[in-house]
Amino acid sequence: MKLLKCPVNGVRAIQEFSFGGAVREMPEGSGCSDEQWADYVFNRAGEPGVQREWWYHMASGTWFIAERETVSDQVIRTYLWNGDDAS
Amino acid sequence: MNNRLPKQAGEWIDRSRELNFTFEGMSCRGYQGDVITSALYANGMRMVGRSFKYHRARGSYSMAGHDAHAMLTDGVRTNIRGDQVSLESGMNLRAVNTAGGLKRDRLNITERFSRFMPVGFYYKAFYKPRWLFPFHEKQMRKVAGLGAINANNAPTNSPKDYAWCDVLVIGGGGSGMSAALAAADGGARVMLVDEGLKLGGSLVWQGGGDHGGRVEPLAAAMVAKVEAHENIEVRCSTMAGGYYGDHWMGLFNGEKLTKLRAKSVVFATGVIEQPAVFGNNDLPGVMLASAAQRLMRLFAIKPFEQAVVLAGNDDGYRATLDLLDVGVVVKAVVDLRREDDVLSTDAMAQVRATGVAVRMGCGIYEAQARGTGRDRIGVAGVVVCPLNDDGELDAKRCETIACDGVAVSVGWTPNAGLLYQSGVRFVYDDGLEQLLPDVVPATVFVAGRANGVYAWTDRLRDGERAGLGAAGCLGEGNGEVGEGQDVGGRSKVAMSHGYPIFEHPGKKNFVDFDEDLHLKDFVNAHQEGYDNIELMKRYSTVGMGPSQGKIANVNSVRILAKLNGKTINETGTTTSRPFYQPVPIGHLAGRRFHPMRHTPMHDWHKQHGAVMFHAGAWYRPEFYRNGSMSREDCILSEAMHVRKSLGLIDLSTLGKLFICGADAGAFLERLYTGHFASMKIGKQRYAVALDETGVMIEDGVVSRLSEDRYYVTATSSGVAAFYREMQRWALVWGMDVTLINATGQYAAMNLAGPKSREVLAGLTDVDLSNDAFPFLGTREGMVAGVQAIMMRVGFVGELGYELHVPANMGLRLWERLMDAGAGIRPFGVEAQRLLRLEMGHLIISHDTDALTHPDEADIGWALADDKPFYVGQRSIAVMRKQTLERKLVGIRWEAGYSGPLPEECHLVIDEVRHKMVGRVTSVAHRSTLGYALGMAFVHPDMARPGTKIDIRVDGGAMSRAEVVALPHHDGEKQKG
């Protein structure tokens, strides 16, 4: 069982968290083709590497971002959502 | 009989506490501190079990639980592992896997047929005809089985607990104790775990590899220091069974499972001695040198009278000296190494000085059995041959040496199961002829012989390094992967022989003792194409027995590497998974923690005959018992009462959300499909939410309470996940909204039926007239002295008011309403489901599935396409270009219909085209309208009212229904 660091509440056991999927940018609805939209909705790259992910601390209702190396399953850092700026 | 040596330094047994027990019906005696197999050995029982396939006699081999020879049953527990389970007074033990007892095991007959049972024989012999396989399987399980489960056992609960520490040290030998002391001295909270009864490890049973007894006082002093240290918690007789992410470990003792979280881990797990492969290498009396040393030092038992030692390393000579110490006559040391290849050591010189014959460059061709057939239960002697330049035995120049025991000391492998699980990667070192840690994750440390460090002084230093490192990196891992942990203490000479495996025509040269696999089985498997380690494992079953290959895997890799002409590293190893040793399943099973939510009216429901059921995290009344009426009659009666008079249902499980702030309206417009920003204060509107693929995920009612304050209801089961998504969207969209999930803070109830206005009017000053408080209006006001949100809703299709009040006022209002007269009756969830079905209201995830979009559910009217954006809108635009594939419709049967009726999920069939064209989503066999009705998905061609559809029901009969326009029930009444 893993641990995860909530930026607000500190290191907690993984069962206190809910996974929210990879951070993905929604294409502009009017500007994209049906194919581009379908790709956004249904396709996931799944490529190994550092992935930015949404995580939710259920007890406190905190959404945040985790950067996770998907090969080693190591979380490199976590931080609160700050718009599209990754820092 | 209880033969013991004089007191040994560090022995585990307590000679003041004698224990009586029986084995195979014979009375035996042992001491407190014995394991079962040591007590059996002390009672002269050289044979402790029968082998898995051929039922050959087997004795104590590893004395450390690394073989499956001593598997016992006490009639309640099965597969008790004799090397690891402490002797208890009054135990009544038998060997498993015998027919007619251990001595006269009839199943030994299988050995005579062994040449007809090559590797994988059951795959080949029994796969045709297929229908006979279950029969064959049953017979095979009887012959090649382990213990039988006694199904009449009384169930027992095994406790679980949790523990925390800074540094977990696994292994209480020299390096482990050294690591624990170093970390604890630095202030870390240390837990030291060891499988054995007492600390000390090989420092005690092997004299630390430094013969002459200098180590024992040091070991005793270290143990005392560890036990006295305030920062160290010692847990002996405890197995670290599995490693999980971020240093989460399962610890098992005989009593319980402990889930432990550590901040860093030191693996000082030592090494497992490996067998040599030669003819009859499984006879009772042939054992690992470490097993003989454990018998002598831990249990004060003389393992043999006359022994031959097979050596492939210096440890064989140390074992020889240990044997000589207790009066064993060592007839010869047979050393696989050639004189020229070995640098003489102190131990070798000491052995030679005693006059024991040493045969360099020789191996054992076979052990000769004492007795015949199933009575071959001991060793009479060994046949020793010189090795040629290819490392093969020259059987023409053999010499027979009489003896009653063979101690095998040809090499070691790291006790690495947990290390692999923690992410440590090993490489085979050709110089040391053993695996060594190569890649070690941060906050993981390997110390001692598992790290290739053999000399005891070096092991103590290595432990100190690991302990200091583990204490120094407390806190969270930084994601960096550490380097291999060689600090220069690793052995310079091989402590293992590279290929202690010798051919023998008798096919009784075992590689895997658990599974009775001999050398030829590997050659055959390889010839049949299983030339990869993972394939060979699965085909031959090597390493798949109860000890999971702890003394078989290394040799099997060596054999395969040689057959393939590849190196050990190219050949690889199989995966190591939890648990390190088998764990009784009772330790893993347990009561689940299932918190259930109660509404404020829960006790009232139970006092009034409610039959409660689980609805997600809640208990809800399914219906209320009414005299001797059947369940179905009760439900229909409750529904009829709502239609004709007045009912009250507890809706406290509804999701209840406040959406506040300047952007509240705009937020709801993006979240839901409809218009909400322009809603008038005091109005409510049905709302449906989609996910990004356009699938319906939630619905509810949005009420506008004030300019910047909305009150939203959501489904009982979906509100938690939906609220979570709401929070994320609010964040991503950067909107000025405050979201409050008030589900648990509010109680809610629906007062429904023609008399609802009349009854409510007596309890409130709010003007309930249709003009002042019309259908789909929401008001805030006092009801029975309680501040309430009042909503005129139409879910059940009658005049009705939902009343939402603070949870602590819920019961009070409920009771006031129940006391208000007018024949009011409570109704349960089943009656509500019927009433809403008559109204044609769908339930998300009941009448819809994970692919249902709004047009299919016929609520396309709820989509406001003039809005610039709502979640799922873009997908709806795509789907509207495609052909609709199904539609949710109402269905009914004639009044008085008496044919078969479907259940939910029964299929709509096009009998002409033999196709499935839909399914029933909801059905009521009886309704307040006097006929059966429901809802179903059907092909759009069949969605026109009046169409007849055929539904296949249980048993294959067909039921014909008619598609009708929804609602079934006249909904206009609710608006009056």
Side-chain angles (χ1 to χ4, degrees), chain A residues 1-5 10-15 17-21 23-44 50 53-69 71-78 80-85, chain B residues 162 164 242-250 259-263 423 425 439 441-443 475-481 593 670 690-695 720-721 723-734 739-741 867-882:
Chain A
M1 188 182 67
K2 286 186 72 68
L3 298 171
L4 192 59
K5 184 178 183 178
V11 177
R12 311 292 304 167
I14 198 76
Q15 42 318 22
F17 296 89
S18 176
F19 178 58
V23 175
R24 299 174 318 124
E25 200 178 331
M26 188 191 292
E28 185 61 43
S30 54
C32 73
S33 68
D34 290 357
E35 288 70 25
Q36 284 170 323
W37 181 258
D39 183 61
Y40 162 74
V41 165
F42 292 112
N43 294 336
R44 304 288 184 275
V50 176
E53 296 171 343
W54 284 104
W55 283 86
Y56 179 75
H57 184 238
M58 292 185 282
S60 65
T62 310
W63 278 107
F64 60 94
I65 306 297
E67 286 179 7
R68 187 172 66 95
E69 168 54 66
V71 178
S72 63
D73 193 25
Q74 283 188 321
V75 176
I76 295 160
R77 60 183 188 133
T78 58
L80 292 174
W81 172 257
N82 189 17
D84 290 334
D85 179 10
Chain B
Y162 294 84
W164 293 264
Y243 175 95
Y244 303 89
D246 293 338
H247 306 326
W248 178 245
M249 308 276 304
K259 300 173 196 178
L260 171 90
R261 172 80 69 185
K263 290 178 180 167
R425 294 290 166 261
V439 178
T443 72
E476 302 132 49
N478 54 10
E480 284 173 24
V481 176
F593 180 57
R670 292 176 74 86
L690 314 181
D691 67 12
E692 289 192 314
T693 68
V695 167
Y723 176 65
R724 196 155 72 216
E725 285 308 301
M726 273 188 174
Q727 287 177 295
R728 175 154 61 170
W729 285 125
L731 198 60
V732 172
W733 295 333
L739 310 173
I740 299 161
N741 184 352
K867 288 201 297 191
F869 176 86
Y870 60 82
V871 178
Q873 186 182 39
R874 186 68 181 82
S875 290
I876 294 294
V878 177
M879 284 188 287
R880 282 195 164 161
K881 294 178 191 171
Q882 299 165 355

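In what follows, chains carry the letters A, B, and so on, assigned in the order in which the sequence lines appear, proteins first and then strands, with residues in each chain numbered from 1.
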Comparing H247(B), Q873(B), Q727(B) against chain A, the one with the most heavy-atom pairs below 4.5 Å turns out to be Q727(B)
For Y244(B), side-chain contact (heavy atoms from CB on, under 4.5 Å) partners two or more places apart:
W248(B), P578(B), F579(B)
Suppose we screen for side chain to side chain donor-acceptor pair (under 3.5 Å). Which residues come up paired with W55(A), at least two apart in sequence or across chains?
E53(A)
If you round to the nearest 0.5 Å, how far is CG of L731(B) from OH of Y56(A)?
11.0 Å
Contacts of R728(B) that satisfy side chain to side chain donor-acceptor pair (under 3.5 Å) - sequence neighbours left out:
E725(B)
T693(B) and F42(A): which non-hydrogen atoms are nearest, and at how many Å?
CG2-CE2, 3.8 Å
Which distance, rounded to the nearest 0.5 Å, do you find between the CG of L3(A) and the CZ of R261(B)?
3.5 Å
How far apart are the closest heavy atoms of F869(B) and M26(A), and which atoms are they?
CE1-SD, 3.8 Å
Chain A contacts: which residues in residues 874-882 of chain B have a non-hydrogen atom closer than 4.5 Å to it?
R874(B), S875(B), V878(B), K881(B)
Chain B interface, residue from I14(A), D34(A), V41(A) that has the most non-hydrogen pairs under 4.5 Å:
D34(A)
Using a 4.5 angstrom heavy-atom cutoff, name the option from A38(A), A13(A), S18(A) with the most pairs to chain B.
S18(A)
